[in-house]
Structures are given as structure tokens and as C-alpha cells.
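In the text below, chain A, chain B and the rest are named by the order of the sequence lines, each starting its count at 1.
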Number of protein chains: 2
Amino acid sequence: MLPRGRPRALGAAALLLLLLLIGFFLFRGDLDCERSEREASGGGGDPGSLPRSLTPRVPPDERPGPRGTAAFDGDRPAGPGGHNGSDCIPPRPPPPPPKCELLQVAIVCAGHNSSRDVITLVKSMLFYRKNPLHLHLVTDAVARNILETLFHTWMVPAVRISFYNADELKPQVSWIPNKHYSGLYGLMKLVLPSALPPDLARVIVLDTDVTFASNIAELWALFAHFSDKQVIGLVENQSDWYLGNLWRNHRPWPALGRGFNTGVILLRLDRLRQAGWEQMWKLTATRELLTLPATSLADQDIFNAIIKEHPWLVQPLPCVWNVQLSDHTLAERCYSEASDLKVIHWNSPKKLRVKNKHVESFRNLYLTFLEYDGNLLRRELFGCPRPPPPGAEQLQRALVQLDEEDACFEFRRQQLTVHRVHVTFLPHKPPPPQPHDVTLVAQLSMDRLQMLEALCRHWPGPMSLALYLTDAEAQQFLRFVETSVVLSARQDVAYHVVYREGPLYPINQLRNVALAQALTPYVFLSDIDFLPAYSLYGYLRASIKQLELGSGRKAALVVPAFETLHYRFSFPRSKAELLALLDAGSLHTFRYHEWPRGHAPTDYARWREAQAPYHVQWAADYEPYVVVPRDCPSYDPRFVGFGWNKVAHVVELDAQEYELLVLPEAFAIHLPHAPSLDISSFRSSPTYRDCLQALKDEFHQDLSRRYGAAALKYLTALRQPRGPT
Amino acid sequence: MLPRGRPRALGAAALLLLLLLIGFFLFRGDLDCERSEREASGGGGDPGSLPRSLTPRVPPDERPGPRGTAAFDGDRPAGPGGHNGSDCIPPRPPPPPPKCELLQVAIVCAGHNSSRDVITLVKSMLFYRKNPLHLHLVTDAVARNILETLFHTWMVPAVRISFYNADELKPQVSWIPNKHYSGLYGLMKLVLPSALPPDLARVIVLDTDVTFASNIAELWALFAHFSDKQVIGLVENQSDWYLGNLWRNHRPWPALGRGFNTGVILLRLDRLRQAGWEQMWKLTATRELLTLPATSLADQDIFNAIIKEHPWLVQPLPCVWNVQLSDHTLAERCYSEASDLKVIHWNSPKKLRVKNKHVESFRNLYLTFLEYDGNLLRRELFGCPRPPPPGAEQLQRALVQLDEEDACFEFRRQQLTVHRVHVTFLPHKPPPPQPHDVTLVAQLSMDRLQMLEALCRHWPGPMSLALYLTDAEAQQFLRFVETSVVLSARQDVAYHVVYREGPLYPINQLRNVALAQALTPYVFLSDIDFLPAYSLYGYLRASIKQLELGSGRKAALVVPAFETLHYRFSFPRSKAELLALLDAGSLHTFRYHEWPRGHAPTDYARWREAQAPYHVQWAADYEPYVVVPRDCPSYDPRFVGFGWNKVAHVVELDAQEYELLVLPEAFAIHLPHAPSLDISSFRSSPTYRDCLQALKDEFHQDLSRRYGAAALKYLTALRQPRGPT
């Protein structure tokens, strides 16, 4: 022990400060020791010039036995920059994560399933990040539609999104034969230097199947370790694949030792462009393809072949930044503690079902973000001022203006809520264009999932369904569809997840999402508790054709609604059977007992006898289920919770002079169900009716503004005395 | 720029190493400069000897205007240990978090609501922790019952729990008049040095209303900054409370400047004991109470009074370790960036509704852990070997022995699953002991919440209900009860949350939780879809008394079951009304159409006429709803999913020679509902019936083992040909 005392301590402090300052200035210079020198001399791939962790100690074709852990940088304390094994002493301290610096991230994503994956990745990244981010998404049309809507409605502060058209990039890589499950899209990482904006100098490139367990700024900070010549930061591959000893006649692409994995890449785009990257990788790929039939691991094979040839290009990264749970993984050699993990890479086709000693822990991390409520990631990145996401400022102003003491505060806030929307959550094939085709449009929450199978049996045509779910429920829904033979067989049902937020069911916002995503010229605006007649889909298409709706005729075809109060119930196969059940008292016209005004104008007596479509007139509170052209007016989103949401839409149709035509052979039957939670918790509230009345009044005011004197009739009709209900 | 070159770089590296080594050895000595010296001299409370951030620059009674930020250590870059303001240069680097060291944490917790709070706190702590933890929980009987069950079933690796009886500690603090909302329990932090084990040297003490945003090991590491004399680590109070200028005649307890907040405390218990802490705080409290009527902020007032008197005891901590969202908070001065936050303290009675510029971010952090799936925190802390939690090893062995290829794998895994259980999730008052009282026992998931209000109207007595929920659903359930006038008025309904895990509904495990928590001598084993006759509760108590069941008579009283297929339905007020509805075809005996064997032995024909209880005999597949003593056999947990779960229980009752007595005036009616998701996703599976058969066979084998030849009758009965069903 050194003796204590003030003068001594002060002197020591001063000395230390001096030494640290000297060290700092020395340090700022490139201290890459021998390595940087040799690389600068441009030596062509002499393995001796590589940091030890990369050096193949035996040539790859010697097929060594289990030499163990030495090739993994993580076996030693995971210092940054992969310099652990070099001759430099001491290792550089980890650079501090940059404060508020904008970090650039690129991801290639195509199709419905990858889009779901990418969202989980982004959630994990956002959870730990403290920096503003710019995401560069290279997407096909499907992923773009999904992710554009998602990010637009997500409104995460300090996240900017740019899209790049993957289809335009295809010709640059489609000439490469490839056997990897990622397909053509895997190869697109090669063309990022030319595809991304020319002023973008650095980017982190991520596969869609990685999960963050730490702050991405720590990864970005590793750019600081690049020497002047280095352009690509990569983690060593954590399997023996590139050693070529996995099976007889296994002939991998050339690589340095175990090679590198391209699930996580740090790219110096500026230097790559300068160095003629495009020519470089194309030359290498062309040459290798003279002797090898195809890439097995897509872009990764080509990156490795280039690095084998030009080893000074690579900056090895600590292995914890890409812990690879591939088949035959050796990842365990990388980390010694749970706390070491930074990024998990699910790079086995088995994904979460891969075998690994600690897979339970990794899975828990993944599930954390899979089920994490994405709304919570809207938290502001205060301390790092950025322009708010489009629309956010306006929304914030509107929210601030709300009066918390207003009894209808919850209604007004719910109306303003922008829900995150994930369109086509599951794989979906748009129906082939047909001039008279019709999509069933409806919305539901978790408590109505059981209706889906029956609905699929009754409606063989396309459907567009909005589901109001939490992130965790969306995963339950996914499993539900996957385990259902009926549902998983259908590709023409589009499921759009609208994420829950707030206490009131945003019924008309949900309907608008489903309506906007319908792809046929006509839509049947139904509700989830109705089962259509088995013949309805075919009959509607025939009626649309026969009535010549396609020629610009503005009409709403009414599908008469019935209900059963019986839980077990045999569905009528024809109008005749339906009428018999009606006469027997097993069926009723819809809401006959509680709310006859809702459907009275349909004129059920006339429908019994009708042989041809007939006109009916709008009347107050009429809310039939109708078939209309897809470009019909949208639902009024102010109606949240329950009540008047459909009535208002029919008023709008009438105001826009849609004919109302009842179809004589069409019908749908409402099945009984327990009241949903969303209803019960609010119907009992005494202010509920008052607020609904306020919404109606405001709706009528807006109507007058838009349609002038013509809208007076709706207000008058409403004020007429009602018959006994 | 320094010129490059190998010899130069090598030389520079060597020099740097030398300097760093010298620095390291100098540094290891105590470099506390002037401060440590002066403190060592034992100066009695001279404010000049304090680090600047604590120094009251004007005496507190001068009531200064807004002097701004200087008193907050966080206004400068939040260095650890609060040394920022001292005369030492350079500040000590943050000590690295200790690897695998066991961290000690103490929390005082009493009652149902605080128990929920503490779980959210623990979830946030576990999420970020990388170290083994030992939690010392000072609890009342209610919290102990809840938390003991919870942690026992949670089975988090590398977490040890010790309980201490708060009631025994009460006399030590109950003499102190206290006006703070935390009540007597707030004061108990004062007695921790004597209450915790004598060999426990250091502990972090937390209020139940804090949330972690970082790894607790970083907080623990601050112990290393304590000087020899320091015993308490605290964050400065982030309001002007102790300045005494909040309102006229506001007379706070004495404190140094703004004083300290005791929501997060680092305690050197060893030194406190040595220094005669108990005498010290009691003396100070007694003396202050001569002139002050009571403590306003519980323990915090007394801690501050002691520190005012003995300022050398305190080690000020960086303010980010206790960001206080109190009313009048000045916390904003503490942090400049979202990334600075380490611990959030919701120390306003308004809790989440407190006003603050960044409260949305804080709330999101809190909601993250409120809704976080606690099962995911069971992840192993690999790299830090600790003995597994009790039972975990055995469970692991059993799980490993399962055959993944077995068609019934999911059934077998679900049986082995240990579900986290949170008993009495909401405030609950046990019913006063009555010799013939009976508790309604049932289980449900989210899709049956709507039944609760009706059930409460039909059953005015105690209920014990198990709810199968996710963590997020548990919060929805909480809001549902809070907004229901009917439900929030009831204190005799105990809700026990069993957390979801796995695909099959663990129906009998749920029933066993609800059964084990019933507190009356008798239980009515019902199902959530049944509404009992309005008179049933009173009638059952009268029957139990009349039949003298209390005198050790082993009997199961059968409550005949009916069903309605109508969704809207007027409940019969009497047996006569019920019989009329039965005759009219509006009601049926339960499952009359699908499964008459289930209730046939009840003999409905006899029941119509019966005036007195009558005996019936067990028969195969009989599954009546019964009233039994609380100590009846539990349900067989092997039956998961649906089918045979109640049948097996009745077999067990019969095997133990319970009389079966049908009550002539008792009835319950099953309401219709859509099939639950749990049913629909598995009933359709072809292996479902095979697996159920396998479970039945194993059940019968076990029965033979336990009851010998007497059990043969069940097997024989089962093999008899069945009538048309």
C-alpha cells in the first residue's frame, strides 16, 4: 500500500492526468502496430498478416479435428474490435457509444413472414437504443406495403425510414445461382453500396432474423476501430461450415479459416465505392462460379471469397455481436456469461426450435420482443432533439387541447388515437382481378376468433378482416391460424392487425382499415357475428353483373339480416328453409325484439315474396348490411365504442345518393354470443349515452356543412317520435 | 497527426502501458484528496467537509429563490459517487459491475396492492440484472402469503428469498407518530440493521414504488465509493420540501439542504451495527419529536435528521439512481437524456398520473414491466453457477425425460408445467369464521370475465376464483374490476391469478389453486358458466347445518345442473319456475342432448318430486356439481385441456367413500357461450382423443395402486357398453 496524504495524492493525481493526456494523444494516432503497416503494403492475402483470431493456423483443406476454441475471439474476454489476438498491447478501451449521433441501419426484407420478423428485430433494437436511427429498408412490394403502413402509424420518435425497391435491384444479383433459403434477397446485401444514397458513408446491415440484447450504439461505435483500409466489419462464422469438413465431399466457398457470418455487417460504404466494390465482388463471384455450381449461403459465400482474397478489407468484430444459433453451432465458445450477449442470430432454418444449451434464454429474449407492446416504444428520445414523425406534432397539439375534465374525454382521446396497423399479417394472395368480385369486410377482436372457421366455410371468396389485438394476442392469433386446417388452407383471406390502445373499441377505424385493404371492385360490409348464406358469394357476383353495377351505377345492395337466439343451430340451406325456420320461431329478423328500426326499411314482408331486387328508402336509424363499390365513403371514425357507427355510414351513403336495392335471395344470420368486454365495461357507464348523443350531434353538424340543406332531412327524421321499440 | 511507423508505434505502446500501470497503482490507493482526510479527523457536521453537491450554500432557513440547478449532481455529467463537485481531479472512473457477486436487496411490503407493486419492481430488476440476487422481504401476513406462493412457483434461477415478519418489528417503530401514506411500514426501514441477519454486511433498500431502467449491479458497485466512515448511500431529495418553503408555516424535519430521499438506500449494515445505529436513530427521533408533532415522510424524516447531525455518514449517490416523480418534483434537473435514467421512483400519491414533462416515457418503462411476461424471467443466469430454485432440478429432469416424438408430448409437458401463481391479486377480506359457511370455487380465463357480475348477483357469499391470464391480461382484469360497481363492492371474492404458459388449459391445476385458497369449512365446486339459484348460498348453509356435515360426516351434496340454449333468458326465481321452464322446453337438464351419462345418476325425475335430500350411487362418467368439505381430495392435475377432469374427481370422492346426497331445492343453470379458444384449437386435433384415453388409463392404474381391489369397480364400469349418447 502506498502511504496516504494530501500532497502525495495531489501530486499523483496531477501525474496521472498528465500521463493520461499523453496516452490520449498517442492513442489518437493509428496504433495498429504491425498489422496496419503490412496491410498498407497491400500484401495479397498472406495469412500471417491477419490478427490471430482470423489466422487459419492450418490450411482449411487439412480438415483438422476439434482444435477447440482458439479461433473464437470470444473465448478471451470479448474486447472490441477483435484485436485480442493481435500483437498489439494493450487492447484499446471500448469507445463510448456516440451521444445522439444518427445511426444508419440497412435491412433487406421481402414477403409477409420476413416483415413480421423484421418488426421483432426493430422492436428489440428500439427497446435498447438511445440514439436516433435511420432505417434503410430494401423491400419487395409486399413488405413495402406492410412496413410503410406500419411505420407511418407507429410514429416512433427519432426514427426515419427510407425504402428501396428490391425488384429494381434484382437484375444485379439474379445471375448468381443460389441454394440458400433466403433466396435472391439474401444476395442483395452485396449491392447496398450502390443502392443506398451516395452520401451515406457508414451503415450497419442486419439480417431479419437477429435480435438485439443491447444498445446498437455500442455496435456502431466499433466503426472507430476500422483502420484506413478496412471497409467491412464482421463476426467470425460460428460453425465449421467453411472448414469443409461437415460431410464427405462438402465443398464450401473459399474463406479465411472459419470464415465470417454476414448476419451483422458494418459497412464503410464510402470506401467500398471508392475501392470499386461492385467490380470487385462481381469478379470474385464470376471466378468462383467457374468451379462451384452455386452459392450455398448466398451473399455470405461471396463476402468470404472476397475477404480470402483481400483480407485487409475486414475488421473482425467481437463474436458477441452475432451469436449464431445455426445448426452445428459452436456459439457456446463465444460467450461465457449471459451478460456477454449483444445480438442473437437465429440463422438456422429451424429458428426457435434449434438445439442449444442456452436456447431457452435466447428464446426468452426473442419472445420478449415478439410480444412486446410496440406502443411503448413511442417514448420520446429526450435529450436528442429530432423532428417529430409526420403527423405527430399535429396529433400532440390536438391531444393537449382535450379537456381532461370533459365527461367524454375518453371518447375524444380514442378518436384521436393513431393505432399501429400491420396489414396482411399472414401470407396473402390477392384474388385475380375479376370485374364483379366482392370481398367480405369485417372486424373482430380476440373473443371472436372462433367465428373464423365457420365464416370460411360460408364464404368461399376473398375477405379483408381487421383484428384488434395486442402484440401478444397477434402471436396467439398466428398460432390459431397455423393449427387450423380450414384457415391455413385459405390464401384469399387478408388479416390486418390493428394494435390495441385505449379503453374504447375503435370500431369504425377498424372497418376503415379492412375496407381500404379490400382489393376487389365490390365489398360486402358485414359484421363478424354474421354467417352469410352458403350461396351468397356466388349470388352477389351474379347480381352485381346482372344489375350492371360496374357501369358506374351508384347502388348499395342490401343483404337482409336475421338472427338466432339458439347457441346450437342448423344453418338453412335455402331461402325456403330460412322462411320455414322463421315461421317456426327458431329464427327472427335481426334485432326484431330490441331495435326494429334498424332493419325495418328492408321490408321483410316484401322480401318473403320478392323474386327480383327492389328499391327501399332510407329512414332514420336504418343500418342494413350492404354490398357497395370499394370506393364507397369510409366510416366515420368518431364513433368509437358501440352505437350508431353503422347508422352514420348508411346516412352517408344516402346523402351521396346511393340507391338501396334489397336482394331477394340474399341473407345472413347473426349468431348469439356473450356481450364483449368492450361493450360491458362501457354500456354500464352513465355518461356513455350522453357522449354518444354528443357524437351524433357533431356528426349532424358536419353533415350539414358537407351536404347543405339536403342533410336537413336526417336531422328532421331523427327528431320524429319513435314507435314502440 | 503523429507520423506512423512500426518502431514508433511499438515504442508508444510500451510507454503507454508503463504509464497506465503506474496510473493503476497510484489509483488503487485512496485518492479521496482533501475530503477523506478531513472526514478522518472526525469533524462534527461542518458543512464545509461535505462534497459540494450536498453543501447547503445558504442555510436552509434563508428560503432562497430559484437558485436553479446547482444542488443537483445530475446537472453535471452524472459521475458515480456524487464526487462531481468535490475538489478531486480526475473523478474516479465508475467501478465495473461485480461479476456473479451475490447482491442483497431489502424491501418492506404489506398488503395486496403493495404486493402487486413489488412484483413489477422485481420484474424490472430481474430484466436487467446479470447477478444472483438475495431478496430480503419484510412483510405482513397478507404480503407473505402472496409473495411466498409467487416466488415458490416462479422458480427464477439465481434468486433467493428470505422473509421477515413485519408484525414482530412493529413495536420498534409504532411509538413514532407518522402522517405519511406508507404508514407504519414506511418506518420499518429504520430497523433493518437489527432485523436482517447479523452476518449481512451490505444491502440495497428499495421502496415498492421504484422501477429499474438498468442493471442493479451498477448501483451495488457504488458501495466501493464509500469512505471508511460512510454507512448510508442516498440520492438527494428532488423537491424543495426540506427547504421548508413550499407553503406558509410549512415546518419540515431538519435536513442538509434539500435533504435526501430514502426510496433507494445503500446500507452498510455492518458499520451501522457497530456505530450503535439503533440508539442513534431513536435518540434523534425522540429529540425531534419534542418540537415536531409527527414525521411527515416516515423514515425519510428521521434519516435526514440523523444525517443533518452526522453528515459524514452519508455517501451521496448520483441522482439518476432515484429519479423522483413526486409532486413539485425538480427531477428534470437531474437527467439530461433518456439514457441517463437508472431508477424511476413514483413517489407521489398520484403515481402514474403525476404530471411531468417526460412522464410518458417513464410510464412506458413502468408499463413494460407491469405487463411483462414474468415466465420469460426464468432465464438461466449462465456463467454464474448457483444452486437451482427448490424443485427446479427435479422438474428439469422430468422435462428432459419427455419424448418430443410422443403424440401426447404437449399433454405431458403441460402437466409438468409449474405455473406462476399470484393468490389474492386484489384486496380481499377473509369471511368471518362460520361453522357452515361455503365458498363458491371456480376457474376462468379472459373470455369469461363477463360472467363475474352475474355470478356476484347470484351468489352473495365468499368465492375463490382462479383466473388463467397473461401478465398483461391480469392488468386488464384489474381495470375491469375497478370499473365495475358490482365487483368493486365485493371484498369476499378472492381472485387468484395463474399465469398462462403452454397451449393446453390446465383446468384441474386451476381448480386446485382456487380450492386450496378457500377459507370456509365447505366449498361449492362449480364452473364459471353456471349461475346458481338466487337462494342457493343460504340454502346450502342451512342444509350443511341440518345434515350435520360438521360432525365429520363425509358427504358430497349434489347441486342439480340445468342448461339454457337461449342467449337471452329470464332466470327462474324458484324450483317451481324452473320446472315450468323445463316443461316448456326453455330449459334442459345439463348436457341432456350430448352427454346424458354425465348427470343421469342425479335422477332428475326423482328430484322433481323430492322434498328431502336423497342418496344416489356413483356410476361411470358421473360428474355432478357438488358441495364438499374444504379438505376434500384435490383434482388430478394430469387432466389438462378438456375432458374427464371432473369425472376423475368424482371417482376419487367415491373411492374415499363420500356419500352422494342430492339437495331437493338446489339448482344451477349453465348459460350458453361460444366454445373457448382453448377447446377449439385442440378438440379438432386427431390425437386429442387418443391422448385423453392414455390419461384415463394412467389415472385408473394410479387408482388401483392407491385403493387396491376397491378401485376395480371403476375400470369395470368404464368398460360396460354405453347406451346411445
CE of Met446(A) to CD of Glu473(B), rounded to nearest 0.5 Å, is 8.5 Å
Between Phe369(B) and Phe127(A), how do the two ring planes meet: parallel, tilted or perpendicular, split at 30° and 60°? perpendicular
Nearest heavy-atom approach of Ser361(A) to Arg379(B) is OG-CB, 3.6 Å
Under 4.5 Å heavy-atom distance to chain B, tell me which part of Glu482(A) shows up: side chain, backbone, both or neither. neither
Shortest non-hydrogen separation from Asn364(A) to Asn375(B) and the atoms involved: ND2-O, 4.1 Å
Under 4.5 Å to a heavy atom of chain A? For Tyr372(B) that would be side chain
Sort Leu365(A) into side chain, backbone, both or neither according to what part of it lies under 4.5 angstrom from a heavy atom of chain B. both
In terms of heavy-atom pairs under 4.5 Å with chain B, which of Leu376(A), Leu377(A), Asn215(A), Val485(A) leads? Leu376(A)
Given heavy-atom pairs under 4.5 angstrom as the criterion, report whether the side chain, backbone, both or neither of Phe477(A) touches chain B. neither
The reported gap from CD in Glu371(B) to CD in Glu371(A) (rounded to nearest 0.5 angstrom) is 12.0 Å
Part of Tyr366(B) within contact of chain A (heavy atom distance under 4.5 Å): neither
Given a strict heavy-atom distance threshold of 4.5 Å, which part of Thr368(B) is in contact with chain A: side chain, backbone, both, or neither? both
Under 4.5 Å heavy-atom distance to chain A, tell me which part of Glu360(B) shows up: side chain, backbone, both or neither. neither
